[in-house]
Amino acid sequence: MVDVGGRTFSRVHHVAVVVRDIDSALGFYRDTLGLPVSLVLPIEPDEVVIAFLDVGESKVELVQPTSGSTGVARFLEKKGEGFHHVCFETPDVDATLAQLAQDGVELIDQEARRGAEGPVAFLHPRSCSGVLVELIEQPGGPAWARLGYEGDPLTG
């Protein structure tokens, strides 16, 4: 664990790559590189399909937009396929957000919301040297109960 000014981060949870076609991208990451797939899931509220591939204690997330009207779709149209965001794991997303906001960091999410693998929140790239940063809460953290998670975040 790394403690930075009262904010504790335990690891890089994942790096996300935006793709046009998740099946084609899986052909490279799974079949060519040999990374095991731990999850493929549509996230309907975000209008994306995601796939997580395990790499040691971290993951690669592939993100394919399913609608042309989302931020991910606009990113893909403007910048093409490639790196989208980095996600850091923390014991308490809401406490970390409060500290970051106090420090002047521009937040996209004011509090944790449901994500595929637990409570998440995003920080605006304007405050993060041009990189979209996601925070995810460690399993069992305080936002899990508030958001209705019971064990497995996917089945809730």
Side-chain angles (χ1 to χ4, degrees), residues 1-22 24-26 28-29 33 35 37-139 141 143-144 146-147 149 153-154:
M1 278 217 208
V2 177
D3 189 318
V4 182
R7 294 165 299 280
T8 303
F9 301 103
S10 56
R11 66 182 174 124
V12 172
H13 184 273
H14 67 268
V15 294
V17 177
V18 173
V19 300
R20 292 190 191 284
D21 182 302
I22 206 156
S24 177
L26 283 169
F28 174 72
Y29 287 93
L33 294 183
L35 301 178
V37 176
S38 59
L39 174 72
V40 178
L41 181 74
I43 306 292
E44 292 177 13
D46 293 338
E47 299 182 71
V48 296
V49 175
I50 64 167
F52 278 113
L53 299 102
D54 297 329
V55 184
E57 293 187 11
S58 296
K59 301 174 185 203
V60 173
E61 178 186 25
L62 304 177
V63 183
Q64 174 193 317
T66 58
S67 163
S69 63
T70 65
V72 173
R74 288 189 299 276
F75 179 94
L76 181 61
E77 185 63 31
K78 182 177 178 182
K79 299 188 178 193
E81 292 183 304
F83 175 76
H84 185 256
H85 68 266
V86 61
C87 179
F88 297 104
E89 188 173 275
T90 185
D92 184 336
V93 167
D94 290 330
T96 301
L97 287 172
Q99 182 63 52
L100 291 168
Q102 184 177 2
D103 292 344
V105 173
E106 185 177 352
L107 309 178
I108 293 174
D109 297 301
Q110 302 303 309
E111 64 181 8
R113 61 182 174 88
R114 287 185 70 90
E117 294 199 321
V120 300
F122 285 87
L123 311 179
H124 201 286
R126 283 189 291 258
S127 291
C128 307
S129 302
V131 174
L132 180 63
V133 173
E134 180 180 13
L135 305 175
I136 188 167
E137 193 163 282
Q138 293 172 348
W144 284 67
R146 178 176 61 79
L147 294 171
Y149 288 107
L154 302 176

So, do Ile136 and Val93 sit near enough that their side-chain heavy atoms are less than 4.5 Å apart? no
List for me each residue that meets side chain to side chain donor-acceptor pair (under 3.5 Å) alongside Gln110, sequence neighbours excluded, and say none if there are none. none
Non-neighbouring partners of Ser58 that pass side chain to side chain contact (heavy atoms under 4.5 Å, CB included), sequence neighbours left out: Val12
Would you call Thr66 and Ile43 a side-chain contact if the rule is heavy atoms closer than 4.5 Å? no
More than 12 heavy atoms from other groups under 6.0 Å of CZ on Phe122: yes
For residues Ile50 and Val40, determine if any side-chain heavy atom of one lies less than 4.5 Å from a side-chain heavy atom of the other. no
Quick check: do Leu41 and Phe52 have side-chain heavy atoms less than 4.5 Å from each other? no
Show your reasoning for whether side chain to side chain contact (heavy atoms under 4.5 Å, CB included) applies to Leu100 and Leu135. CA-CA 11 Å; Leu100 291 168; Leu135 305 175; 4.0 Å; yes
Close side-chain approach of Glu137 and Asp92, heavy atoms under 4.5 Å: yes
Does anything in residues 44-54 pair up under side chain to side chain donor-acceptor pair (under 3.5 Å), and if so which pairs, sequence neighbours excluded? Ser38-Asp54, Glu47-Ser67
Check Ser69 against Ala73 and note the closest heavy-atom contact, atom names and distance. N-CB, 4.4 Å
Candidate pair Leu97 and Leu123, rule side chain to side chain contact (heavy atoms under 4.5 Å, CB included), full reasoning: CA-CA 9 Å; Leu97 287 172; Leu123 311 179; 3.8 Å; yes
Backbone of Glu106 reached by a side-chain donor or acceptor of Ser127 within 3.5 Å: yes
Could you tell me which residues satisfy side chain to side chain contact (heavy atoms under 4.5 Å, CB included) with Pro125, sequence neighbours excluded, listed by chain and number? Ile108, Leu132
Minimum side-chain heavy-atom gap Thr96-Phe88 below 4.5 Å: no
Does Asp94 have any salt bridge (Lys or Arg N to Asp or Glu O under 4.0 Å) partners at least two apart in sequence or in another chain, and if so, which? Arg146
Can you list everything that forms a side chain to side chain donor-acceptor pair (under 3.5 Å) with Arg113? Sequence neighbours excluded, please. Asp109
Can you name the closest pair of heavy atoms from Gln138 and Ser10 and give their distance? NE2-OG, 3.0 Å
Please list, chain by chain and in numerical order, all residues satisfying side chain to side chain contact (heavy atoms under 4.5 Å, CB included) with Val55, sequence neighbours excluded. Leu35, Val60
For a quick test of reading the model, state the closest non-hydrogen atom pair linking Gly118 to Trp144 and the distance between them. CA-CZ2, 3.8 Å
With sequence neighbours left out, the residues meeting ring-ring contact (aromatic ring centres under 6.0 Å, His included) with His13 are none
Residues passing the side chain to side chain donor-acceptor pair (under 3.5 Å) test with Glu134, sequence neighbours excluded, are His14, His85
Chi angles and distances behind the side chain to side chain contact (heavy atoms under 4.5 Å, CB included) call for Leu53, Leu26: CA-CA 9 Å; Leu53 299 102; Leu26 283 169; 4.1 Å; yes
Any side-chain heavy atom of His84 within less than 4.5 Å of one from Val63? no
So the salt bridge (charged side-chain N to carboxylate O under 4.0 Å, His left out) pairs with at least one residue in residues 61-89 (sequence neighbours excluded) are Arg11-Glu89
